[in-house]
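Below: one structure, written as structure tokens.
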Amino acid sequence: MNRLIYILLGFVTIVASSCRNEDIIFIPEEVEVARPEFTSVQGFYVLNEGNMGSNKATLDFYDYSTGTYSRNCYAKANPDVPKEMGDVGNDLGIYGNRLYAVINCSNKVEVMDKNTLKRLGQIEIPNCRFIKFHKGYAYVTSYAGPVVIDPDYKQQGYVAKVDTATLQVVDQCIVGFQPDELEIVDNKIYVANSGGYMVPNYENTLSVIDIETFKEVERIPIAINLSQVKSDRHGILWVVSRGDYYDTPSNIYAYDTRKHRMVATMDIPASACWMDGDSLYVVSTQWSYTTMSNEISYAIINTETMQVVTRNFITDGTDSLIQVPYGIAVNPITKDILVTDAKDYVNPGRLYCFGQDGVLKWDVRTGDIPGHFVFLGDSKIE
């Protein structure tokens, strides 16, 4: 989510908290939502961001073998941890037997056993954002500086290199301003620099880091306010620009890492993406300060042909139930599509599961601002 909007919503939280349904509190609980399924995918975790300043990041789990959805399961597994997960959950990943949760405004990566969720430690990284893994190391983007909207912001961000055996930061590489998601392709790390705190002076580049020397070797101009970057099996990076929320819309760009050039502009907005095989699944809530409204879409892009397959993969009309599509994931075995709804960003959100045919199968209440997924299963899945 855009940092500026997030900060504004932080203030809204104070006002809106009096409107919160007091019956809804984040106690650990389980609800049955679907019939059991038995594949190599055991289940998935959902990281609920929680509004900035509310200290309400929570972790949920869906168990395919029982059809049960468990809310706030981190708190249940770690009753003695003060403040539970912390403030603003921003990314989630599994490496080896550990689950890593990036907690942005708590300036830490929380490390847990991937099965029991017992806390194993934490990695202190200021204003941390996204995480990726490669050959025994975790790579984490950091805004480095405080949460401040300033066109003359001086603090560049960096990527932290973390030894996953010791959970210690062993190196840093300076990149652009406010780096968000990163991707690793052919021993290079590609980092989406946003410049999101520097409105209207956004960044517009991908930083390229040589993974062996851990030095930035290039910056590639793409578009303003970059947020996400996903790689496909063809060596293409699918890069999301948030735009400026006025005259420059959000868009998706395809950059060929082998030919070193842009190969496509999709003319489709994106808030969140998920790569599955040759399909890029996209949900969009494109906010415009000009119209003061959102443009919502649910798209699939064929990454081999670089064509938009559909702009609404929900086929049964139940997209009308979703207020603010926020996160997306695709089950690698069944191809079920998971979409989260952030609602009003203050009260609990909702998770919807659609079949491959786009028909709703089940839905369930989540924590506040459900946004990030990771599947639990064999190593190929994780």
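Predicted, not measured: the structure shown is a model, and the values here were computed from it.
Between atom CD of residue Glu181 and atom CD of residue Gln228 there is a gap of 5.0 Å, rounded to the nearest 0.5 Å. Note that CG of Leu120 is 5.5 Å distant from CZ of Arg98, once rounded to the nearest 0.5 Å. One distance of note links OG of Ser207 with CD of Glu216; it measures 4.0 Å at 0.5 Å rounding. For the atom pair CD1 of Ile174 and OG of Ser142, the computed distance is 9.0 Å after rounding to the nearest 0.5 Å. Here the CG atom belonging to Leu59 is positioned 4.5 Å from the SG atom belonging to Cys73, to the nearest 0.5 angstrom. Rounding to the nearest 0.5 Å places CD1 of Ile296 at 8.0 Å from OG of Ser284.
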Q. Do Ile123 and Val111 pass the side-chain contact (heavy atoms from CB on, under 4.5 Å) test, and can you show the C-alpha distance, the side-chain angles, and the key distance before you say yes or no?
A. CA-CA 8 Å; Ile123 307 159; Val111 185; 4.0 Å; yes
Q: Give the intermediate values and the outcome of side-chain contact (heavy atoms from CB on, under 4.5 Å) for residues Val159 and Val140.
A: CA-CA 5 Å; Val159 175; Val140 182; over 6 Å; no
Q.
Set out, in order, the CA-CA distance, both residues' side-chain angles and the distance that settles side-chain contact (heavy atoms from CB on, under 4.5 Å) for Met275 and Thr303, then state yes or no.
A. CA-CA 9 Å; Met275 187 71 71; Thr303 58; 3.8 Å; yes
(Q) Let's go through Glu84 and Asn72 carefully: what are the C-alpha distance in whole Å and the side-chain angles of both, what is the deciding distance for side-chain contact (heavy atoms from CB on, under 4.5 Å) to 0.1 Å, and is it a yes or a no? (A) CA-CA 10 Å; Glu84 298 181 0; Asn72 201 11; 3.7 Å; yes
Q: Evaluate the criterion salt bridge (charged side-chain N to carboxylate O under 4.0 Å, His left out) for residue pair Arg35 and Glu37; output intermediate values, then yes/no.
A: CA-CA 7 Å; Arg35 293 181 178 179; Glu37 297 179 31; over 6 Å; no
Q) Where do Tyr326 and Glu49 land on the side-chain hydrogen bond (donor to acceptor under 3.5 Å, both in side chains) test, with the steps shown first? A) CA-CA 11 Å; Tyr326 195 80; Glu49 294 184 2; 2.8 Å; yes
**Q.** Worked verdict on Asp363 versus Arg350 for salt bridge (charged side-chain N to carboxylate O under 4.0 Å, His left out)
**A.** CA-CA 7 Å; Asp363 62 286; Arg350 203 154 191 92; 2.6 Å; yes
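By the side chain to side chain contact (heavy atoms under 4.5 Å, CB included) test, Thr310 is found to be paired with Ile300, Phe313, residues two or more places apart in sequence or in another chain being considered. The side chain to side chain contact (heavy atoms under 4.5 Å, CB included) search around Glu124 returns Gln122, not counting sequence neighbours. Lys215 is linked by a side-chain hydrogen bond (donor to acceptor under 3.5 Å, both in side chains) to nothing, counting only residues two or more places apart in sequence or in another chain.
Heavy atoms only, all atoms of each residue included: Ser227 and Asp180 are closest at O-CB, 3.2 Å. Between Ser320 and Gly317 the shortest heavy-atom distance is OG-O, 3.0 Å. Pro325 approaches Val283 most closely through the heavy-atom pair CB-CB, 4.2 Å. Asp232 and Trp238 get closest at one heavy-atom pair: OD2-NE1, 2.9 Å.
Counting heavy atoms of neighbouring residues, nucleotides and ligands inside a 6.0 Å radius, atom NZ of Lys361 exceeds 12 of them. Other residues, nucleotides and ligands contribute over 12 non-hydrogen atoms within 6.0 Å of the CD atom of Glu218.
Cation-pi check for Lys132 over Tyr139 is not met; the charged atom does not lie both under 6.0 angstrom from the ring centroid and within 45 degrees of its normal. For the pair Arg129 and Tyr143, the cation-pi test (distance below 6.0 Å, angle within 45°) is passed.
In terms of hydrophobic clustering, with Ile, Leu, Val, Met, Phe, Trp and Tyr side chains grouped at heavy-atom distances under 4.5 Å, Tyr253 and Ile220 are assigned to a common cluster. When the side chains of ILVMFWY residues are joined at heavy-atom separations under 4.5 Å, either directly or via intervening members, Val191 and Val208 end up in two distinct hydrophobic clusters. Using a 4.5 Å cut-off between side-chain heavy atoms of Ile, Leu, Val, Met, Phe, Trp and Tyr, with links allowed through other members, Val217 and Phe214 fall into different hydrophobic clusters. Hydrophobic clustering (ILVMFWY, side-chain heavy atoms < 4.5 Å, transitive): Val339 and Val364 are in one cluster. Residues Tyr95 and Leu167 fall within the same hydrophobic cluster, defined by Ile, Leu, Val, Met, Phe, Trp and Tyr side chains chained together at heavy-atom separations under 4.5 Å.
Two residues are said to be in side-chain contact when any heavy atoms from C-beta on lie closer than 4.5 Å; Leu47 and Phe373 fail this criterion. Side-chain atoms of His134 and Asn187, non-hydrogen and from C-beta on, do get closer than 4.5 Å to each other. At a threshold of 4.5 Å between non-hydrogen side-chain atoms, the residues Cys273 and Val240 count as touching. For the pair Ile125/Val169, a side-chain contact is recorded, criterion being any heavy-atom separation below 4.5 Å from C-beta on. Between Leu92 and Tyr100, every side-chain heavy-atom pair lies at or beyond the 4.5 Å cut-off. Inter-residue side-chain proximity for Ile184 and Ile211 is flagged as met; some heavy-atom pair is nearer than 4.5 Å. At a threshold of 4.5 Å between non-hydrogen side-chain atoms, the residues Tyr298 and Asp319 count as touching. Taking 4.5 Å as the limit, some side-chain heavy atom of Ile333 sits within range of a side-chain heavy atom of Ser40.
Of the possible polar contacts, none joining the Ser297 side chain to the Ala299 backbone as a donor-acceptor pair under 3.5 Å is found. Between the side chain of Asp91 and the backbone N or O of Ile131 there is at least one donor-acceptor pair closer than 3.5 Å. Looking at Thr265, its side chain never comes within 3.5 Å of a backbone N or O of Asp267 through a donor-acceptor pair. Distance alone, capped at 3.5 Å, places no donor-acceptor pair between the Asp171 side chain and the Ala160 backbone.
Checking Asp278, Ile252, Val309 one by one against Ile301, the side chain to side chain contact (heavy atoms under 4.5 Å, CB included) holds for a single residue, Ile252. For the side chain to side chain contact (heavy atoms under 4.5 Å, CB included) with Phe130, the qualifying choice from Leu182, Asn104, Val229 is Leu182, the only one to do so. When the options Asn48, Asp368, Val88 are evaluated for a side chain to side chain contact (heavy atoms under 4.5 Å, CB included) with Lys56, the one that passes is Asp368.
Arg365 and Glu29 are joined by a salt bridge, as a carboxylate oxygen and a charged side-chain nitrogen come within less than 4.0 angstrom of each other. Ion pairing of Lys343 with Asp341 is present here, as a side-chain N (NZ or NE/NH1/NH2) and a carboxylate O approach within less than 4.0 Å.
If you check the side chains of Gln286 and Tyr245, you find no donor sitting under 3.5 Å from an acceptor. Counting only N and O atoms by type, the side chains of Tyr64 and Asp336 include no donor and acceptor under 3.5 Å apart. A donor-acceptor pair shorter than 3.5 Å can be found between the side chains of Thr213 and Asp210. For the residue pair Asp63 / Tyr69, no side-chain donor-acceptor distance below 3.5 Å is found, with atom types taken as modelled. In the model, Glu183 has a side-chain atom that pairs as donor or acceptor with a side-chain atom of Ser231 under 3.5 Å. One side chain, Asn193 or Thr205, offers a donor N or O that lies under 3.5 Å from an acceptor on the other.
Centroid-to-centroid, the aromatic rings of Tyr62 and Trp362 come within less than 6.0 Å.
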